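Any value given below was found using the heavy atoms of this structure, including those in side chains, with hydrogens, waters and symmetry copies removed. Only a predicted model underlies this, so the values are computations on that prediction, with no experimental measurement involved. Chain naming here is simple, since letters A, B, ... match the order of the sequence lines and numbering starts at 1 in each.
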Protein chains: 2
Amino acid sequence: MSTDPRVSRSRARIIEVTLDLLATRGVAGTSVDSIAERSGVAKTTIYRHWSTKGEVILAAIDTCIDTPAAPDLGSLRADLRALIGGLCEALAHSRWAALLPSLLDAALRDPEFAEVHQRFAATRTEPVRRALERGIERGELPADTDPGELVDLLSGAVFYRRLLAGESVDRAYGERIVERVLRAYGSH
Amino acid sequence: MSTDPRVSRSRARIIEVTLDLLATRGVAGTSVDSIAERSGVAKTTIYRHWSTKGEVILAAIDTCIDTPAAPDLGSLRADLRALIGGLCEALAHSRWAALLPSLLDAALRDPEFAEVHQRFAATRTEPVRRALERGIERGELPADTDPGELVDLLSGAVFYRRLLAGESVDRAYGERIVERVLRAYGSH
DNA sequence: TCCCTTCACTACGATACCGTAGCGTAGCGA
DNA sequence: TCGCTACGCTACGGTATCGTAGTGAAGGGA
């Protein structure tokens, strides 16, 4: 009952090429024909595995979700430096970052894409939220701190710089942002 | 040498409908045929005014650029509250906000769209930068303050909340962010 | 009034794309 | 070895889209 190696090979090639095309041409610019051509997998085979273009693309994007390493390092500062620094690196190098603008756009008009984006965002935000709550419990942050606002400030700066301003971000930048934001909450 | 009223009428209708379509269907989903159909202006007429679909869309987007009111209110806090509050309102209600994700995506692959987005971003950030420089001169901010970092934090939080998290932003939220960020720079 | 511009309309040609059908082949597992 | 499954290939039908051509009507300015 194990999977036919031909199946997994086809699927892998299709997903791989689809991700490449998504990164360079975006969701709207990625066609099934181009996936077939670039992957060497016949178009009919693609439709044997997924019944619709949208499903292929969603399946490909789904493979990009990477849970950020979220260790409990014992202090809010250390946790945030690790998390936001990691976010910067992901935004600079990961596949997800390359197709994020396209995903964002698609999510506006298609609930299925919206759901995938939602899942991405949650995966990224959740560890930050947990670190913040630990910080509140430890007294590193005021008890009435709004975690959402902090997430907006931390993640926002990084995303803004990368997506809106079009500049690069690295771990050092992320750590600078963490230091600055912590100061706004009285953490020294 | 004044313009034929028929010309300006056609142009206005085309731009108007194009903006509507861009907001609902995005850049990729907006076709010349649909613009013609919805506007009542013949497709041939559209091509009399612009030689390419891309030019029509760029012309439409161009009309969305609105320079934010940038008064010198005498204090950094007042200036930022006005500017970031205005940004929140623009993100919540303006046409530009509705087509921003699509523009962002298009800018990744087309230098013409990138240039338009660049102009948008500059129009928005420039007044903030100037307010920050005035704040540094007045001593409301440390002399070695990096204005870019502040812009990232202020605008970033707002954009992140609206575009990435998909929640709404209003003037009150913007002002909260301003207060929080100012605290990080020792302004009380 | 009269001429010139702009317009709407229909009809194209060309291309790209989606999703399907049929057929013969090659690889997998028993 | 042998049957079954997945595959590649070619060829469709249907639709959407871009951009162009030609014609006749309507609106604007002198």
Query raised in the report: Do any of residues 50-59 of chain A sit with a heavy atom less than 4.0 Å from DNA chain C, and if so which?
Result: A:Thr52, A:Lys53
Query - Any residue of residues 102-117 of chain B with a heavy atom less than 4.0 Å from an atom of DNA chain D - result: none
**Report entry** Inter- and intrachain pairs under salt bridge (Lys or Arg N to Asp or Glu O under 4.0 Å), touching residues 57-72 of chain A, at least two apart
**Finding:** A:Asp62-A:Arg119, A:Asp66-A:Arg124, A:Asp72-A:Arg134, A:Asp72-A:Arg138
Requested in this report: Determine, using the 4.5 Å side-chain heavy-atom cutoff (strictly less than), whether B:Ile136 and B:Leu83 are members of one ILVMFWY cluster.
Outcome: yes
Query raised in the report: What parts of residues 7-21 of chain B reach DNA chain C, counting only heavy atoms under 4.0 Å away?
Result: B:Val7, B:Ser10
**Report entry** A:Leu132: partners by side-chain contact (heavy atoms from CB on, under 4.5 Å), with sequence neighbours left out
**Finding:** A:Leu76, A:Leu80, A:Val128, A:Leu141, A:Pro147, A:Leu150, A:Val151
**Report entry** Lys NZ or Arg CZ of A:Arg180 over B:Tyr185 ring: under 6.0 Å, within 45°
**Finding:** yes
Query raised in the report: Is there any salt bridge (Lys or Arg N to Asp or Glu O under 4.0 Å) pair reaching into residues 157-169 of chain A, and which pairs are they, with sequence neighbours excluded?
Result: A:Arg161-A:Glu167, A:Arg161-B:Asp152
Query raised in the report: In Å, rounded to the nearest 0.5 Å, how long is the span from CG of B:Asp170 to CZ of B:Arg176?
Result: 9.0 Å
Requested in this report: Identify, with sequence neighbours excluded, every residue that meets salt bridge (Lys or Arg N to Asp or Glu O under 4.0 Å) alongside B:Arg9.
Outcome: none
Report task. Taking the side chain as every heavy atom from C-beta outward, state whether B:Leu21 and B:Ser34 have any pair of such atoms under 4.5 Å apart. Result -> yes
Report task. Any salt bridge (Lys or Arg N to Asp or Glu O under 4.0 Å) involving residues 35-57 of chain B? Give me the pairs, sequence neighbours left out, ordered by first then second residue. Result -> B:Asp33-B:Lys43
Query raised in the report: Rounded to the nearest 0.5 Å, how far apart are CD1 of B:Ile15 and NE2 of B:His49?
Result: 10.0 Å
Report task. Using only heavy-atom distances, decide whether a donor-acceptor pair under 3.5 angstrom links the side-chain of B:Arg6 to the base of D:dG28. Result -> no
Report task. Take the protein atom CG of A:Asp4 and the nucleotide atom C1' of C:dA26, then report the distance between them rounded to whole Å. Result -> 12 Å
Query raised in the report: To the nearest 0.5 Å, what is the distance between CG (A:Leu182) and CD1 (A:Ile177)?
Result: 11.0 Å
Query raised in the report: What's the shortest heavy-atom distance between A:Ala36 and A:Ala42, and which atoms?
Result: CB-C, 4.2 Å
**Report entry** 5' priority, DNA chain D, between B:Pro5 and B:Ser34 [closest heavy atom]
**Finding:** B:Ser34
**Report entry** Residue pairs passing the salt bridge (Lys or Arg N to Asp or Glu O under 4.0 Å) test where at least one lies in residues 94-106 of chain A, sequence neighbours excluded
**Finding:** A:Glu16-A:Arg95, A:Asp20-A:Arg95, A:Asp105-A:Arg109
Requested in this report: Give, for atom CZ of A:Phe159 and atom CG of A:Leu91, the distance between the pair rounded to the nearest 0.5 Å.
Outcome: 5.0 Å
**Report entry** ring-ring contact (aromatic ring centres under 6.0 Å, His included) contacts touching residues 74-93 of chain B (sequence neighbours left out)
**Finding:** none
Report task. Note the angle between the end axes of the helix from C:dT1-D:dA30 to C:dA30-D:dT1, five pairs defining each, rounded to 10 degrees. Result -> 30°
Report summary line: Under a 4.0 Å heavy-atom cutoff, the residues of residues 37-49 of chain B touching DNA chain C are B:Gly40, B:Val41, B:Ala42, B:Thr44, B:Thr45, B:Arg48, B:His49
Requested in this report: Would you mind classifying the nucleic acid contact of B:Asp33 as base, sugar-phosphate or nothing, using non-hydrogen atoms under 4.0 angstrom?
Outcome: base
